[in-house]
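Values in this document were obtained by computation on a predicted structure and should not be read as measured data. Just the heavy atoms: all of them, side chains too, but no hydrogens, waters or symmetry mates, feed the values below.
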Number of protein chains: 2
Amino acid sequence: MCAKRAQNYDCPVRDVLDRVGDAWSVLVILELSKGNARFNALCRVIGGISPRMLSVTLRHLERDGLVVRRVMDVKPPQVDYGLTDLGHSLHGAISALSRWAEENQPSIRDSRSAFDERETAAA
Amino acid sequence: MCAKRAQNYDCPVRDVLDRVGDAWSVLVILELSKGNARFNALCRVIGGISPRMLSVTLRHLERDGLVVRRVMDVKPPQVDYGLTDLGHSLHGAISALSRWAEENQPSIRDSRSAFDERETAAA
DNA sequence: AGTAAGTAGTTACCAACAGTAACCTAGCTT
DNA sequence: AAGCTAGGTTACTGTTGGTAACTACTTACT
């Protein structure tokens, strides 16, 4: 989050958008909504995320109270991540948006290619 | 949008999140949902946005078919921006998320300060 | 006539952060 | 003792989000 945004408003929507706007956060939430998982399991199932980004993303989500991190007291210590109630309720809101996205993706795609053609034609 | 995201998936959610995740886009959509407006009017009413950012944001939204740009044929040429039907329907989805944000902001705030205290205590 | 202010942006530039690659400690396995 | 897994951290880089300053044209004021 840039300094400007931080100082400007205490708009609640921004707080949420800062999380939701991050694609990794969304993918992690979607993945965890299916059930708890461990670090490397998430790393494998979410294509293309690096350990660092997963680490950073999880810590953000944990800070916002959307995800809980539980260190299991087993011999090679395992770490289990899961959604909180808040996380689950956000998942509901996200999936509504995600439905909108799926329904309207064709329109957006069409607009984009039409727009890009006009641009390249003009140039 | 980074190269990685672009190449990774054609996930429809990402298309939408790239727009929705941008706070300026959301503010512009919220503003235009109240009615059409012109460039400098938007610039004034949206606190802290620079002409460049407004220009960039509007062009993105136009490209995605969420906003229409109409050049009025009057003496000092004016440009009028407004939401398309698609834009209005996205506004619906956004305001659902925005309601969630408002309802749950206290929880998020609490989590954050609790988390930050734990961190600073640990350090 | 000159100048200030409004129209709708564009250009040049910079700093921050998203992201990658490489490394680390520890325990179990072969 | 080499090599696997676990769960990360550190050091570095490149893109991009963002600001400040400028353009070009009109109208209004004095």
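An OP1 or OP2 oxygen of C:dA8 is reached within less than 4.0 angstrom by no side-chain nitrogen or oxygen of B:Arg70. The phosphate of D:dG7 (OP1 or OP2) has no side-chain N or O of A:Ser55 nearer than 4.0 angstrom. Contact check, B:Asn40 against C:dT7: a side-chain N or O comes under 4.0 Å of OP1 or OP2. Listed pair A:Arg44 / D:dA6 meets the phosphate criterion, a side-chain N or O lying under 4.0 Å from OP1 or OP2. The phosphate of D:dG17 has neither OP1 nor OP2 within less than 4.0 Å of any side-chain N or O from B:Trp24.
Summarising the geometry, the separation between CG on B:Leu54 and P on C:dG6 is reported as 17 Å, rounded to the nearest angstrom. As a whole-Å value, the separation of A:Gln78 CD from C:dA26 P is 18 Å. Atom pair A:Met72:CE and D:dA6:P shows a separation of 15 Å (rounding to whole Å applied). Look at CZ on B:Phe39: it is 14 Å from C1' on D:dT23, rounded to the nearest Å. In this structure, CG of A:Leu58 is placed 8 Å from P of D:dG8, rounded to the nearest angstrom. Separating the CD1 atom of A:Ile49 from the P atom of C:dT20 is a distance of 9 Å, rounded to the nearest angstrom. B:Arg52 has its CZ atom 14 Å from the P atom of C:dC14, to the nearest Å. To the nearest angstrom, P of C:dA8 lies 9 Å from CZ of B:Arg69.
Two residues are said to be in side-chain contact when any heavy atoms from C-beta on lie closer than 4.5 Å; B:Leu90 and A:Trp100 meet this criterion. When side chains are defined from C-beta on, B:Arg19 counts as touching B:Leu66, because their heavy atoms get closer than 4.5 Å.
Among the nucleotides D:dT19, D:dT27, C:dT20, the one closest to any side-chain atom of A:Met53 is C:dT20.
B:Arg63 has a carboxylate O that lies under 4.0 Å from a charged side-chain N of A:Asp116, or vice versa, which qualifies the two as a salt bridge. For A:Asp80 and A:Arg38, the salt-bridge test fails: no basic side-chain N is under 4.0 Å from an acidic carboxylate O.
With DNA chain D read from its 5' end, the first of the two nearest nucleotides for B:His60 and B:Pro51 is the one closest to B:His60. Toward the 5′ end of DNA chain D lies the nearest nucleotide of A:Arg59, the other residue of the pair A:Arg59 and B:Pro77 mapping further downstream.
The main-chain N or O of B:Met53 is found under 3.5 Å from a side-chain atom of B:Ser50 such that the two form a donor-acceptor pair.
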